[in-house]
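Bear in mind the structure is a predicted one, so any value in this text is a computation, not a measurement. Along the sequence shown, residues are numbered consecutively beginning with 1.
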Amino acid sequence: MVGVSAALHLQKRGRSVVLIDKHGAAGEETSYGNAGIIERSTIFPRAFPRELRALTRYALNLSAESHYELSALPGFLPWLLKYYRASAPHRWERTARAALPLIEHCLAEHEALMQEVGAQHLMRKTGWIKGYRSASTFDKGIADAERLRPFGVPFHVLDANALATLEPHVSGMHGAVHFTSPASVIDPGGLAKAYADLFVVRGGKFVTADARTLEQRATGWRVGDIEAREVVVALGPWSNDVFRPLGYRIPLAVKRGYHMHYGLAGNTVLNHPLLDNDEGYLLAPMVRGIRLTTGVEFARRDGPKTPVQLQMVEPIARKLLPLAERRDAEPWMGARPCLPDMLPVIGPAPRHKGLWFDFGHQHHGFTQGPVSGRLTAEMICGEAPFTNPAPYRVDRF
């Protein structure tokens with residue numbers, strides 16, 4: 001989503017653009033497997049927890065929301081320490097304000113592209129629901145939502161009866177908060193492909209190649225037989241395969257995640273994406289069925305699948321909503337590209353002319369792809385950017 005969006009925005013500004021992908025198709029990786037929410041309401045980023053009870057559960061690998069592979073932990077510890085420091089309240093609030101322009105414009109930029117490709121049928125403007133299983137977590141959820149009022153984020157507090165009106169087949173929740181401004185997409189990978197198809201129809205070239213062969217030439221850059229004056233690295237969790245050989249030490253890590261699709265029993269329906277906040281998973285209506293997405297897994301990016309979290313939450317989800325058969329042969333796994341300060345890298349590489357970065361969007365690459373693509377294209381083409389890009393500069397590291 002991030003790469004295709006940058007390509008489209010550059011193309012709109014008259015640039016001749018080649019989109020390079022190892023699969024030769026868009027939307028095959030992380031952009032395919034997410035929850036499909038265009039997250040207009042998440043102003044505050046996902047911070048490192050500081051409550052002793054939560055930390056203990058995470059340390060003992062008892063939580064489905066966050067899980068780690070013991071063998072991978074030593075490699076993650078320095079990054080986790082940076083993440084912990086960046087999550088200190090005063091830094092976390094500063095990060096939220098820095099990310100706000102991307103959040104504020106994310107839905108409008110998606111809607112503009114959807115209208116161009118005729119993909120409005122994939123979008124549901126019904127918001128999403130955050131459900132709580134106890135009075136204490138519900139009260140905390142309400143307090144967290146109230147912090148969003150100064151940012152103009154609309155929401156409704158739902159008691160159990162009000163939730164049952166919106167979601168009659170959901171059970172086990174004490175209450176919920178309904179965020180009404182986000183939209184959801186019932187086929188995230190399909191939307192990314194639709195954007196890529198528009199790029200090709202407008203004359204763009206889509207090439208299958210290995211971005212790791214990128215090399216600088218006297219006149220610009222080269223990947224295989226393709227030469228260009230400028231290049232945008234928008235490889236998500238694989239971006240370090242390109243920037244590290246060029247000498248950049250950007251602390252990019254991955255949080256892996258899984259999903260599985262299910263049918264629904266009888267006349268069951270799910271009308272909104274629904275987060276089970278207390279158990280750490282999300283259910284979202286998709287073209288293929290109900291998609292259950294898991295929390296985060298700290299493991300090696302290219303290591304084998306270990307869908308422990310899916311195994312933990314599937315029985316819980318079946319009690320929440322009458323799920324039927326699994327519709328995937330095996331769990332899907334993806335990797336979220338994450339930086340410890342919870343902001344993406346968007347902008348020029350400081351030591352290489354014509355090299356640009358657009359990656360590290362945490363859990364919001366699908367959400368922020370079009371708006372990040374706009375900002376990247378504005379900078380490359382010398383336009384006045386719609387927001388100050390300084391918070392996203394690479395040399396902050």
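Listed here is the closest heavy atom pair of Phe138 and Ala176: CE1-N, 3.3 Å. Closest heavy-atom contact between Ala317 and Leu283: CB-CD2, 4.4 Å. Taking all atoms of both residues into account, the shortest heavy-atom contact from Ile129 to Glu167 is CD1-CG, 4.1 Å. Of all non-hydrogen atoms in Leu191 and Met114, the two that sit nearest each other are CD2-CE, 3.6 Å. Taking all atoms of both residues into account, the shortest heavy-atom contact from Ala192 to Gly27 is CB-CA, 3.8 Å. Contact between Ala6 and Asp358 at its shortest, heavy atoms only, is CB-OD2, 4.0 Å.
Here the straight-line distance linking atom CG of Leu274 with atom OH of Tyr281 works out to 7.0 Å at 0.5 Å rounding. Distance check, rounded to the nearest 0.5 Å: CG of Asn61 to CD of Gln309 gives 8.5 Å. Rounded to the nearest 0.5 angstrom, Leu264 CG and Ile290 CD1 are separated by 4.5 Å. Put simply, CD1 on Ile380 and CZ on Arg13 are 10.0 Å apart, with the number rounded to the nearest 0.5 Å. The distance from atom OH of Tyr392 to atom CG of Leu102, rounded to the nearest 0.5 Å, is 3.5 Å. Atoms CG and CG, from Leu339 and Leu252 in turn, are 5.5 Å apart once rounded to the nearest 0.5 Å.
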Go through Ile250 and Phe357 one step at a time and tell me if the side chain to side chain contact (heavy atoms under 4.5 Å, CB included) criterion holds. CA-CA 11 Å; Ile250 305 167; Phe357 294 145; 4.0 Å; yes
Could you walk me through whether Arg57 and Glu51 satisfy the salt bridge (charged side-chain N to carboxylate O under 4.0 Å, His left out) test, starting with their C-alpha distance in whole Å, then the side-chain angles of each, then the deciding distance to 0.1 Å, before giving a yes or no? CA-CA 10 Å; Arg57 284 175 55 81; Glu51 302 87 357; over 6 Å; no
Test side chain to side chain contact (heavy atoms under 4.5 Å, CB included) applied to Asn34 and Arg336, step by step: CA-CA 9 Å; Asn34 57 77; Arg336 309 170 181 100; over 6 Å; no
Please determine whether side chain to side chain contact (heavy atoms under 4.5 Å, CB included) holds for the pair Cys338 and Gln362, giving the CA-CA distance in whole Å, both sets of side-chain angles, and the decisive distance to 0.1 Å. CA-CA 4 Å; Cys338 299; Gln362 320 290 110; 3.9 Å; yes
Apply the test side chain to side chain contact (heavy atoms under 4.5 Å, CB included) to residues Glu330 and Tyr258: give CA-CA distance (whole Å), side-chain angles for both, the deciding distance (0.1 Å), then the verdict. CA-CA 10 Å; Glu330 61 180 32; Tyr258 299 85; over 6 Å; no
Working for ring pair (Phe, Tyr, Trp, His ring centres under 6.0 Å), residues Tyr32 and His259: CA-CA 10 Å; Tyr32 164 77; His259 84 218; 5.7 Å; yes
Arg288/Asp328 under salt bridge (charged side-chain N to carboxylate O under 4.0 Å, His left out): CA gap, chis, key distance, verdict: CA-CA 9 Å; Arg288 187 167 171 77; Asp328 301 320; 2.6 Å; yes
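Taking the side chain as every heavy atom from C-beta outward, Gln216 and Leu355 never approach each other to under 4.5 Å. The closest side-chain heavy-atom distance from Phe179 to Arg40 is not below 4.5 Å. Residues His169 and Val269 form a side-chain contact, since some pair of their non-hydrogen atoms from C-beta on lies under 4.5 Å apart. Considering only heavy atoms from C-beta on, Pro350 comes within 4.5 Å of Val394 through its side chain. The shortest side-chain heavy-atom distance between His272 and Trp128 does not fall under the 4.5 Å cut-off. A 4.5 Å side-chain heavy-atom check between Met379 and Ile346 finds at least one atom pair inside the cut-off. Val170 places a side-chain heavy atom less than 4.5 Å from the side chain of Leu270. Side-chain contact check for Asp276 versus Arg133: some heavy-atom pair is nearer than 4.5 Å.
Among the candidates Arg327, Arg326, Arg291, the single residue satisfying the side chain to side chain donor-acceptor pair (under 3.5 Å) test with His261 is Arg291.
A salt bridge links Lys140 to Asp144: one of the charged nitrogens lies within less than 4.0 Å of a carboxylate oxygen. Under a 4.0 Å N-O distance rule, the pair Glu116/Arg202 qualifies as a salt bridge. A salt bridge is absent between Glu383 and Arg374: the closest approach of a Lys/Arg side-chain nitrogen to an acidic carboxylate oxygen does not fall below 4.0 angstrom. Using a 4.0 Å cut-off between charged side-chain N and carboxylate O, Lys22 and Asp241 make no salt bridge.
Between the side chain of Ser239 and the backbone N or O of Gly236 there is at least one donor-acceptor pair closer than 3.5 Å. Side chain of Arg217 to backbone of Arg229: no donor-acceptor contact under 3.5 angstrom is found. When atom types are taken as modelled, the side chain of Lys125 and the backbone of Ala183 share no donor-acceptor pair closer than 3.5 angstrom. Under the 3.5 Å distance criterion, the side-chain polar atoms of Ser87 are left unmatched by any main-chain donor or acceptor of Ala47. Although no hydrogens or angles enter the test, the distance criterion places a donor-acceptor pair under 3.5 Å between the side chain of Arg318 and the main chain of Leu323.
For Trp92, the ring pair (Phe, Tyr, Trp, His ring centres under 6.0 Å) partners at least two apart in sequence or on another chain are Phe44. Residues passing the salt bridge (charged side-chain N to carboxylate O under 4.0 Å, His left out) test with Arg351: none are found, sequence neighbours excluded. Here Tyr58 pairs with nothing under the ring pair (Phe, Tyr, Trp, His ring centres under 6.0 Å) rule; sequence neighbours left out. Take Lys255 and apply the salt bridge (charged side-chain N to carboxylate O under 4.0 Å, His left out) test, not counting sequence neighbours, and it matches no residue. Residues passing the ring pair (Phe, Tyr, Trp, His ring centres under 6.0 Å) test with His67: none are found, sequence neighbours excluded. Remark: His364 pairs with no residue by the ring pair (Phe, Tyr, Trp, His ring centres under 6.0 Å) rule, at least two apart or across chains.
A tilted orientation is assigned to the rings of Phe298 and Trp79, their planes being inclined by 30° to 60°. Ring geometry, His110 versus Phe366: the interplanar angle falls from 30° to 60°, so the pair is classed tilted.
Cluster membership check: Val296 shares its hydrophobic cluster with Leu282, using side-chain heavy-atom separations under 4.5 Å among Ile, Leu, Val, Met, Phe, Trp and Tyr. Connection of Met342 to Val153 is established within a shared hydrophobic cluster, with ILVMFWY side chains joined at heavy-atom distances below 4.5 Å, either directly or through further cluster members. Phe359 and Trp356 end up in different hydrophobic clusters when Ile, Leu, Val, Met, Phe, Trp and Tyr side chains are linked at under 4.5 Å. The hydrophobic clustering, which links ILVMFWY residues whose side-chain heavy atoms are closer than 4.5 Å, places Val2 and Ile38 apart. Residues Leu10 and Val345 are members of separate hydrophobic clusters, defined by side-chain heavy-atom contacts under 4.5 angstrom among Ile, Leu, Val, Met, Phe, Trp and Tyr.
In this structure, Arg300 forms no cation-pi arrangement with Phe76, as its terminal cationic atom is not both closer than 6.0 Å to the ring centre and no more than 45° off the ring axis.
Using modelled atom types and a 3.5 Å distance limit, the side chains of Glu29 and Ser31 yield no donor-acceptor pair. Judged purely by distance below 3.5 Å, without hydrogens or angles, the side chains of Ser66 and Ser63 never pair a donor atom with an acceptor atom.
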